[in-house]
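Worksheet for the structure shown next.
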Amino acid sequence: MEIDANGLEVLTRAEAIALLESQEVGRLVYTRRALPAIRPVNFAVRGGAVLIWTGSASSLGQAVRGAVVAFETDELNRTTRSGWSVSVLGTAQLVTDEIELARAREDGPVPWAPGVKDYLIRIPLTVVTGRWLGPREASLRAPEAEPGRAARGGRASNGVVTTTRGDGAVVPSGSSAVP
């Protein structure tokens with residue numbers, strides 16, 4: 001186990017990708033008008049890349065095509081002050097292959113934001129890094145240890161889009177189910 005200069009556990013590439021795949025929402029970091037910009041987005045990981053739908057007329061769609069971008073997602077436990085963070089660096093590409101577009105329409109990610117989402121942005125997992133803060137515990141575990149957790153883009157095997165509440169329960173997205 002490698003520990004960085006700040007005392008954080010350095011995740012292997014495989015661990016970082018597994019944790020990345022366990023999430024549905026992350027932050028895309030890009031340059032807009034020569035300034036850093038950060039936008040929360042929902043996503044899926046497939047084929048060695050992060051996939052994000054956006055609108056062709058959106059500033060995001062225009063800004064990221066062909067640009068080197070960063071992508072980050074995490075899971076933190078405020079009570080135990082522990083958790084993890086995974087970052088990806090890659091060149092954002094506009095997907096034009098009809099087969100890949102059709103698969104993304106069917107398998108996700110399903111856009112959360114309203115409006116037309118006709119651009120699929122692909123960010124290859126060129127550089128993947130991750131860190132773990134504090135003790136590893138049951139509430140912060142890799143996706144294969146979470147029964148019912150969707151492997152891609154928050155879709156359960158029955159096609160229902162799911163989310164994981166803070167208590168770890170997997171519920172249909174938009175559900176008002178409480179513990």
Would you sort out whether Leu35 and Arg33 count as a side chain to side chain contact (heavy atoms under 4.5 Å, CB included), showing the intermediate values?
-> CA-CA 5 Å; Leu35 296 172; Arg33 297 182 183 167; 5.6 Å; no
Is any side-chain heavy atom of [Y] closer than 4.5 Å to one of [X]?
X: Arg46; Y: Arg103; answer: yes
X: Arg27; Y: Ser87; answer: no
X: Trp53; Y: Leu101; answer: yes
X: Glu15; Y: Trp84; answer: no
X: Ile123; Y: Leu28; answer: yes
X: Val88; Y: Leu20; answer: yes
X: Thr54; Y: Leu60; answer: yes
X: Leu11; Y: Arg131; answer: no

Quick one: [atom1] on [X] to [atom2] on [Y], what's the gap to the nearest 0.5 Å?
X: Glu21; Y: Leu19; atom1: CD; atom2: CG; answer: 9.5 Å
X: Leu94; Y: Thr96; atom1: CG; atom2: OG1; answer: 6.5 Å
X: Ile121; Y: Arg65; atom1: CD1; atom2: CZ; answer: 7.5 Å

Check for me, please, whether [X] and [Y] land in the same ILVMFWY cluster - side-chain distances under 4.5 Å, paths through other members count.
X: Leu51; Y: Tyr119; result: no
X: Phe43; Y: Leu125; result: yes
X: Ile17; Y: Val69; result: yes

Heavy atoms only: give me the nearest [X]-[Y] pair and the separation to one decimal.
X: Gly55; Y: Ser58; result: O-OG, 2.8 Å
X: Ser82; Y: Gly134; result: CB-CA, 4.1 Å
X: Glu9; Y: Ile3; result: CA-CD1, 3.9 Å

Side chain to side chain contact (heavy atoms under 4.5 Å, CB included) assessment of Arg39 paired with Ser59 = CA-CA 11 Å; Arg39 172 113 13 119; Ser59 62; 3.5 Å; yes
May I ask you to decide if [Y]'s main-chain N or O and [X]'s side chain share a donor-acceptor pair within less than 3.5 Å?
X: Asp4; Y: Asn6; answer: yes
X: Thr31; Y: Ala34; answer: no
X: Asn77; Y: Arg81; answer: no
X: Asn42; Y: Val110; answer: yes

When you check the gap from the basic side-chain N to the acidic O, do Arg122 and Glu100 get nearer than 4.0 Å?
-> yes
Side-chain donor-acceptor contact under 3.5 Å, Asp118 with Ser56 =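 On atom types as modelled, these side chains qualify, holding a pair under 3.5 Å.
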Verdict with supporting geometry, Val50 and Ile52, side chain to side chain contact (heavy atoms under 4.5 Å, CB included) = CA-CA 7 Å; Val50 172; Ile52 301 165; 4.0 Å; yes
Sole candidate of Val45, Asp74, Thr73, Val86 that passes side-chain contact (heavy atoms from CB on, under 4.5 Å) when paired with Gln23 = Thr73
